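Numbers restart at 1 for each chain; the letters A, B, ... are given by sequence-line order, proteins then strands. Values in this document were obtained by computation on a predicted structure and should not be read as measured data. Values reported hereafter were calculated over all heavy atoms of this structure, with side chains retained and with hydrogens, waters and symmetry mates removed.
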There are 2 protein chains.
Amino acid sequence: MASIKDVAAEAGVSVATVSRALNGHPSVSEDARRRVSAAVERLGYRPNAVARSLRTDQTRTLGLVISDVMNPYFTELARSVEEEARALGYSVIIGNADERPDLQDHHVTTLLDRRIDGLLVSPTDGGSPGMLGAARAGTPMVFVDRWIPGVDVPVVRSDGRDAVRDLVAHLYALGHRRLAIIAGPAATTTGRERVDAFREALGAYGLDLPDAYIGQGDFQADSGRRVTEGFLDLAEPPEAVFAADNLMALGALDALRARGLRVPDDIALAAFDDIPWFVHTDPPVTAVAQPTRELGRAAVRALVDRIEGRPGESVTLPARLVVRRSCGEPVSPEPPQSPSPVRRSTP
Amino acid sequence: MASIKDVAAEAGVSVATVSRALNGHPSVSEDARRRVSAAVERLGYRPNAVARSLRTDQTRTLGLVISDVMNPYFTELARSVEEEARALGYSVIIGNADERPDLQDHHVTTLLDRRIDGLLVSPTDGGSPGMLGAARAGTPMVFVDRWIPGVDVPVVRSDGRDAVRDLVAHLYALGHRRLAIIAGPAATTTGRERVDAFREALGAYGLDLPDAYIGQGDFQADSGRRVTEGFLDLAEPPEAVFAADNLMALGALDALRARGLRVPDDIALAAFDDIPWFVHTDPPVTAVAQPTRELGRAAVRALVDRIEGRPGESVTLPARLVVRRSCGEPVSPEPPQSPSPVRRSTP
DNA sequence: ATCCTCCGTGTAATCGATTCCACGAGGAGG
DNA sequence: CCTCCTCGTGGAATCGATTACACGGAGGAT
């Protein structure tokens with residue numbers, strides 16, 4: 001592979017001039033510029049990004065450590081992150097943690113060793129030593145989707161509280177009273193928040209959320225299956241099940257089908273995170289949709305701000321309820337705008 | 001960030017000794033080794049992978065340029081690639097080409113600039129200049145899923161011919177005679193092969209595949225929708241539609257639903273590439289399943305073989321038909337093993 | 001004519017690792 | 001006691017870029 005020296009020799013100038021010509025430095029004569037371009041062309045020269053990174057101490061690369069790539073929500077997030085990063089002149093290296101803290105740590109370490117310019121993380125747990133160390137050491141960092149309380153890092157996420165309230169209103173209107181939730185891991189913020197939002201919304205209707213109706217899942221399909229089976233074995237099974245992510249909803253659907261139960265006639269189902277396939281499941285699944293694309297873009301912008309010395313702010317975007325048929329036939333033809341009886345201030 | 005010099009100073013030895021100690025070189029005294037470890041520990045030192053790569057001319061990184069990450073098939077492929085690579089001590093940088101040749105080229109170039117050790121590609125088109133150049137220049141490279149004829153690079157893929165024959169047999173047994181296909185881009189091998197396999201299987205039943213029953217798609221949901229609408233507008237619409245990938249099947253499902261058609265009663269549907277969601281669509285979709293995980297692993301092994309100087313062989317794995325309800329009720333309780341009347345030699 | 005600026009260019013230091021080569025100490029063998 | 005190895009170690013070159021600094025020449029001001 002041709003190096004800058006070869007180009008210099010070919011163009012009959014010094015490496016310094018080649019470098020300057022290539023980087024658009026002003027003080028290079030038109031003549032030199034042309035000869036360099038010609039030499040580059042002839043040799044098929046491409047600058048070695050590794051050498052450049054070593055010298056400049058920047059890789060123009062972002063690390064993205066994601067909880068689970070197989071989850072369509074995160075796939076879409078990853079995609080929008082890459083898009084926005086590319087638009088800003090950065091590459092992205094994705095690490096898939098598979099909801100495993102040890103893998104998450106492995107990726108964080110590897111990315112840091114590669115001297116990425118900044119790190120985007122949706123933490124699997126309360127924070128591995130490697131990650132906390134990086135945050136403390138001042139590596140530009142932004143949490144996306146999930147975050148770790150007490151760590152001073154901008155957070156880009158979506159707030160599902162209103163949408164969950166809309167969902168409970170929707171379920172209530174359809175006559176459901178015994179509502180259960182398949183929760184995510186308590187170690188994650190999204191795991192806890194969604195349960196809290198659900199309980200709070202229930203409270204507004206005078207319903208409570210007994211422990212038996214809180215199933216502990218791990219954001220994977222299998223756990224959705226297992227928890228749902230537990231619900232069905234209860235003396236008084238729930239009338240509606242809310243899965244805290246789309247994969248667990250898939251598992252729940254599996255379990256219900258295995259028992260020969262019909263949705264929504266025998267039991268209602270809703271999910272957090274909307275995905276294209278929910279339109280085509282049997283029945284189409286009512287879900288809380290996050291503005292995934294915007295989340296990814298906002299996260300990248302916040303991170304690049306940090307990298308380039310600007311503040312880099314936290315962003316919270318609202319989620320919204322998408323009503324389909326899995327909780328019962330929609331009551332009215334128009335989508336419920338905000339049917340909750342307990343209004344929040346909405347200026 | 002602490003460098004090897006800091007470690008050397010802290011341990012009271014030279015940088016050469018630190019390097020040797022860290023890389024398990026034999027001729028380092030037990031004493032020096034201990035002092036280096038202690039210094040590393042105290043400083044929280046991590047070797048700079050960028051500097052190491054520059055010197056050793058290897059990054060221990062693989063590039064994966066994928067046609068479309070949002071396609072669950074490719075997501076799973078990417079995941080298994082990363083897993084196997086990690087097991088072999090490599091990292092993976094994924095580039096999403098989004099079925100766009102220009103983006104594919106962008107990623108290939110970027111990855112090459114970063115001096116990745118090897119490249120895994122599922123080409124979007126007939127081969128962009130950058131990619132062909134890399135192949136010619138001797139960059140270790142392996143094609144996965146799709147390939148480019150005439151380029152001397154190992155190919156890891158799955159052969160759907162038998163499975164497509166099984167599918168046609170299945171459709172025939174259910175009484176369908178007018179069979180159409182939503183094809184992938186003719187520029188891709190998988191796009192062409194699946195049509196060829198389909199036509200060949202049809203031939204075995206004395207059926208032919210008129211041009212009107214070959215819809216030109218691009219492996220994206222929208223094209224599946226569009227092509228399906230075209231089929232339905234025909235004077236004699238097909239009785240069964242075979243989508244050459246899962247996303248186009250999703251689009252087809254959309255279009256059918258929009259027209260108020262029932263699957264499989266009004267029209268049958270099948271897809272290439274099986275995904276978890278097909279179990280839960282309405283109706284569950286009959287599909288040709290590729291051994292995706294094995295494909296990813298085999299591809300990485302072939303590539304690493306090349307990188308490390310071993311031959312690196314092409315691999316072709318068989319796909320298999322998974323019958324569900326979207327083509328009609330399965331005729332027999334047992335899965336069709338190979339119901340095709342035209343037997344191939346199967347020793 | 002002299003001095004000062006500015007412009008274009010080249011030389012060389014630098015980034016953080018790996019690794020070739022040389023060197024001194026110590027042990028074995030003659 | 002001398003020579004020859006072996007072992008552990010350090011000095012310095014090297015990878016391919018960027019960039020501070022120096023320098024020569026041209027042109028303008030005095």
Go through residues 110-118 of chain B and report each residue with a non-hydrogen atom lying under 4.0 Å from DNA chain D, sorted by number. none
Report the residue (A:T56 or B:V18) whose heavy-atom-nearest nucleotide on DNA chain C is the more 5′ of the two. A:T56
Between C:dT19 atom C1' and B:L22 atom CG, what is the distance in whole Å? 15 Å
If a pair satisfies salt bridge (charged side-chain N to carboxylate O under 4.0 Å, His left out) and one of its residues is in residues 59-71 of chain B, list it, with sequence neighbours excluded. none
Remember a base hit wins even if backbone is also touched, and classify B:S19 as base, sugar-phosphate or nothing at under 4.0 Å, heavy atoms. base
Just by modelled atom types, is the A:A135 backbone N or O under 3.5 Å from a matching donor or acceptor in the A:T139 side chain? no
Under 4.0 angstrom, heavy atoms only, what part of the nucleic acid is B:D57 near: base, sugar-phosphate, or nothing? nothing
A:D98: partners by salt bridge (Lys or Arg N to Asp or Glu O under 4.0 Å), with sequence neighbours left out: B:R79
What pairs of residues pass the salt bridge (charged side-chain N to carboxylate O under 4.0 Å, His left out) test when at least one of them lies in residues 112-132 of chain B, not counting sequence neighbours? A:R46-B:D113
Applying salt bridge (Lys or Arg N to Asp or Glu O under 4.0 Å), name anything that partners A:R86, two or more places apart in sequence or on another chain. A:E82
Proximity to DNA chain D (any heavy atom under 4.0 Å), residues of residues 31-54 of chain B only: B:A32, B:L54
Between C1' on C:dT18 and CD on B:Q58, what's the gap in Å once rounded to a whole number? 11 Å
Give a yes or no on whether the backbone of B:V155 and the side-chain of B:S314 come within a donor-acceptor separation of less than 3.5 Å. yes
Looking only at atom types and distance, does a side-chain atom of B:E76 sit under 3.5 Å from a main-chain N or O of B:T292, one as donor and one as acceptor? no
How close or far is atom C1' of C:dT19 from atom CZ of B:R55, stated in whole angstroms? 6 Å
Hey, are the side chains of A:V121 and A:V144 touching, using non-hydrogen atoms and a 4.5 Å cut-off? no
A:D145 side, atom CG; A:F74 side, atom CZ - distance, nearest 0.5 Å: 4.5 Å
Note the angle between the end axes of the helix from C:dA1-D:dT30 to C:dG30-D:dC1, five pairs defining each, rounded to 10 degrees. 60°
Between A:D31 and A:R35, is there a salt bridge with N-O shorter than 4.0 Å? yes
For A:S3, answer base if it contacts any base atom (sugar-phosphate contacts may also be present), sugar-phosphate if it contacts only those atoms, and nothing otherwise; contact means non-hydrogen atoms under 4.0 Å. sugar-phosphate
Are A:S29 and C:dT9 close enough that a side-chain N or O sits under 4.0 Å from OP1 or OP2? yes
Apply side chain to side chain donor-acceptor pair (under 3.5 Å) to residues A:S67 and A:S122 and explain how you reach the verdict. CA-CA 6 Å; A:S67 321; A:S122 69; 2.7 Å; yes
With sequence neighbours excluded, residues passing salt bridge (Lys or Arg N to Asp or Glu O under 4.0 Å) with A:R100: A:D102
Nucleotides 23-28 of chain D: which of its N/O atoms have a protein N/O under 3.5 Å away?
none

Name the pairs: protein N/O against N/O of nucleotides 21-23 of chain C, kept only if under 3.5 Å.
none

Neighbours of DNA chain C within residues 4-16 of chain A, by heavy-atom distance under 4.0 Å: A:V13, A:S14, A:A16
Indicate yes or no for a side-chain donor-acceptor contact from A:T190 to the backbone of A:T188 under 3.5 Å, with no hydrogens or angles considered. no
Inspect the contact between B:E83 and B:R297 and indicate whether a charged nitrogen and a carboxylate oxygen are less than 4.0 angstrom apart. no
Would you classify A:T17 as touching base, sugar-phosphate or nothing, given that sugar-phosphate means primed atoms plus P, OP1 and OP2, and contacts are heavy atoms under 4.0 Å? sugar-phosphate
What is the distance, rounded to the nearest whole Å, between atom NE2 of A:H25 and atom P of C:dG8? 11 Å
Taking the basic N atoms (NZ, or NE/NH1/NH2) and the acidic carboxylate oxygens, is any pair closer than 4.0 Å for B:R146 and B:E99? yes
Examine distances only and state if a side-chain atom of B:T61 and a backbone atom of B:T59 form a donor-acceptor pair shorter than 3.5 Å. yes
In this structure, CG of A:L247 is separated from CD of A:Q220 (nearest 0.5 Å) by 6.0 Å
Could I get the full list of salt bridge (Lys or Arg N to Asp or Glu O under 4.0 Å) partners for B:R52, not counting sequence neighbours? none
Does D:dT6 have OP1 or OP2 under 4.0 Å away from a side-chain N or O of B:S27? no
Between A:S19 and A:V15, is there a donor-acceptor pair closer than 3.5 Å when you use the side chain of the first and the backbone of the second? no
